[in-house]
Amino acid sequence: MFLYNTLTNRKEELQKSRKPIKLFVCGPTVYDYSHIGHGRTYIAFDTFVRYARSQGYKISYLQNITDVDDKIIKRAAEKGVSALSLARTFTRAHFDDMKKLGVISVTKYAPATKFIPQIVKQVETLVARGYAYKISDGYYFDISKFKEYGKLSKRTVLQAEDAISRVDENAEKRNKGDFCLWKFYKPGEPSWNTRLGKGRPGWHIEDTAISEHFYGPQYDIHGGGIDLKFPHHEAEIAQQEAASGKKPFVRIWMHTGFLLINNEKMSKSLGNFLTIRDFLKKHSALILRYLVLLHHYRSPFNYTETTIEQAENGLQNLRLTLERLRFIEHSSKAKKSFEIKEFITAADRDFYRAMDDDFNTPEAVAALFKLITPLQNKLWLLSGAQAKELSRFLLKKLELLGIAFITSPAPLKARTLLKQREKLRGNQQFIQADGLRKKLSALGFTVEDTPLGPFLWRTNQI
Ligand SMILES: [Zn+2]
């Protein structure tokens, strides 16, 4: 399997080994419900890990939870609750959302507040090695001391100084881009009494303290949204490589693309902020997963009503194909009229080729449609054995993408109506038969008259 490495700007081979591949993905800052952008990133990595594991890669998947941070403290103050209890509430909500989205591949979640001793130790190491210094409100990392600062985001130290995104402000800092490692206590903020003094960790240091604790100073893959590349991931590289003196901190950096809503950046001020919860009030979790996979993980993900509709149609099409195949499989009249083996073999090859080429899920999905679309009008000409083979092939590939359809047999009432309709049709009572078709339609079923007999399917079930 080849993966695009944001650090080297090249596709690089992921080697199989007996030891697990160590993957770390940045978790959410839990000050609000997780939004659709989190959904995109975590579904993408979940599917990547599921797929890689199915292909024989052993993967350890570690994810932090930022449960102490400026954003949490600010929101808690607005709400008049304690920062740590607000963080607990939204950590639980996040796990709940992930469960609903079928994100099941994370091996270990690590909340920052459970790793304070490890964070303190790493800051002390950075101070001892001359990379960190103390000023009035905390300990800071001196980016001018780390000569390679900017190597991931391809920025120079000077350019780094224009950073405004979550870089901490204090006039005593040595360089404008220096970021805080440990923040001294301010009234009303959560704090820990440590050797560094009473206070709390900065944002970037928690990730490296956690990853060093579980993985050591070097590991295989670091993932996260592209918006975290600078300064967050740049800061992580600086911290860990400065602390250990070992390079590279991480071999492969994987970044998911930007999330857009109707071509605009999602933000509360634009009024287009969409949480996973709000999405799930209107659509199923399966649609979000499929929608995510229809985009390459590195590409921008533009969320619009049209793309949702496309996703719904695509899923409906797949589900209907599978139901038709099951019907054929159990029909005594089905017999082979043409060969499909070579088409299945070609689709199989195209599917794996796409998945192994930097996890190209849209092309993998396209390979399935390239197989089934031309067959739609000829499905009834397949034998039961062929239908079974095609159905198995599709189910296996969908399983690799984390897509499973829940199907249940039609209720007795619908099956009885269908039998009665057949009888009426046999007696040439077409008007009455049509009445029963309408009744079935009201129950949510469509009747399709096929060369193999009437086929009943649920009209809308995604
Ligand atoms: Zn992070």
Side-chain angles (χ1 to χ4, degrees), residues 24-39 41-42 62-98 103 106 108-120 122-123 137-141 163-170 179-194 196-211 213 224-225 227-228 230-233 235-236 239 259 266-269 273-278:
F24 177 95
V25 175
C26 283
T29 301
V30 282
Y31 70 104
D32 204 337
Y33 290 114
S34 296
H35 54 67
I36 215 87
H38 295 118
T41 294
Y42 301 135
L62 174 64
Q63 196 169 113
N64 68 313
I65 300 280
T66 301
D67 59 349
V68 55
D69 180 75
D70 295 350
K71 288 184 180 183
I72 298 170
I73 291 166
K74 188 164 167 267
R75 181 64 57 83
E78 286 162 12
K79 291 194 159 191
V81 295
S82 93
L84 293 180
S85 91
L86 182 95
R88 268 196 300 274
T89 303
F90 288 114
T91 301
R92 274 198 297 270
H94 178 74
F95 288 150
D96 215 40
D97 290 346
M98 290 304 109
V103 171
V106 178
K108 173 89 190 160
Y109 282 105
T113 55
K114 298 271 189 295
F115 295 87
I116 301 296
Q118 287 84 350
I119 292 168
V120 168
Q122 201 171 67
V123 176
D137 66 346
Y139 282 89
Y140 283 79
F141 188 94
I164 46 160
S165 156
R166 286 168 96 172
V167 170
D168 314 273
E169 285 317 313
N170 184 324
F179 49 88
C180 199
L181 300 166
W182 185 260
K183 299 187 184 215
F184 292 140
Y185 172 71
K186 283 190 210 133
E189 293 189 357
S191 65
W192 288 262
N193 282 309
T194 72
L196 297 170
K198 190 177 177 182
R200 62 182 170 95
W203 177 32
H204 316 304
I205 194 78
E206 61 171 88
D207 293 48
T208 47
I210 288 168
S211 63
H213 176 72
D227 51 321
L228 298 179
F230 185 87
H232 184 50
H233 291 160
E236 281 193 47
Q239 287 165 174
L259 174 90
M266 181 175 73
S267 75
K268 285 244 158 89
S269 57
F273 194 83
L274 183 63
T275 64
I276 292 167
R277 286 179 179 222
D278 285 338

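Just so you know, residue 1 is the first one in the sequence shown, and it goes up from there. Computed from a predicted model, the values in this text were never measured in an experiment.
Closest heavy-atom contact between Val68 and Pro201: CG1-CG, 3.9 Å. Of all heavy-atom pairs spanning Phe115 and Ala110, the tightest one is CE1-CB, 3.5 Å. Nearest heavy atom pair, residue Ala83 against residue Ile72, reads O-CG2, 3.4 Å. Minimum interatomic distance between Cys180 and Lys183 (heavy atoms only, all atoms of both residues): SG-CG, 3.4 Å. When all heavy atoms of Met266 and Leu274 are compared, the closest pair comes out as SD-N, 3.4 Å. Here the closest heavy-atom approach between residue Cys26 and residue Leu228 is recorded as CB-CD1, 3.6 Å.
Checked against a 6.0 Å centroid threshold, the rings of Tyr33 and His38 do not count as neighbours.
Counting only distance, with no hydrogens or angles, the side chain of Ser85 and the backbone of Val81 share no donor-acceptor pair below 3.5 Å. Panel note: side chain Gln239, backbone His204; a donor-acceptor pair is recorded below 3.5 Å. Panel note: side chain Asn193, backbone Lys198; no donor-acceptor pair is recorded below 3.5 Å. Of the possible donor and acceptor atoms, none in the side chain of Trp182 sits under 3.5 Å from a partner among the backbone N and O of Tyr140.
Counting only N and O atoms by type, the side chains of Asp69 and Thr66 include no donor and acceptor under 3.5 Å apart. No hydrogens or angles considered: nothing links the side chains of Ser34 and Asp97 as a donor-acceptor pair under 3.5 Å.
A distance of 7.0 Å separates NE2 in His94 from CD1 in Ile276, rounded to the nearest 0.5 Å.
Proximity of Val30 to Arg92: side-chain heavy atoms (C-beta onward) are nowhere separated by under 4.5 Å. Within the 4.5 Å cutoff, the side chain of Phe24 has heavy atoms near those of the Asn64 side chain. The shortest distance between side-chain heavy atoms of Asp137 and Tyr185 does not fall below 4.5 Å. Looking only at side-chain heavy atoms (C-beta outward), Pro28 and Gln63 come within less than 4.5 Å of each other. Put simply, the side chain of Ile210 does not reach to within 4.5 Å of the side chain of Gln118, judged on heavy atoms. Contact of the Ile116 side chain with the Glu206 side chain is not registered, since no non-hydrogen atoms from C-beta on lie closer than 4.5 Å. Side-chain contact check for Arg75 versus Phe90: every heavy-atom pair is 4.5 Å or farther apart. The shortest side-chain heavy-atom distance between Thr275 and Ile36 does not fall under the 4.5 Å cut-off.
Salt bridge annotation for Asp32-Lys71: absent, with no cationic side-chain nitrogen under 4.0 angstrom from a carboxylate oxygen. A salt bridge does not link Arg88 with Asp67: every distance from a Lys NZ or Arg NE/NH1/NH2 to an Asp or Glu carboxylate oxygen is 4.0 Å or more.
Aromatic ring orientation, Trp203 versus His232: parallel (interplanar angle below 30°, classes split at 30° and 60°). Taking the six-membered ring where the residue is Trp, Phe141 and Phe179 present parallel rings, their angle staying beneath 30° rather than reaching 60°.
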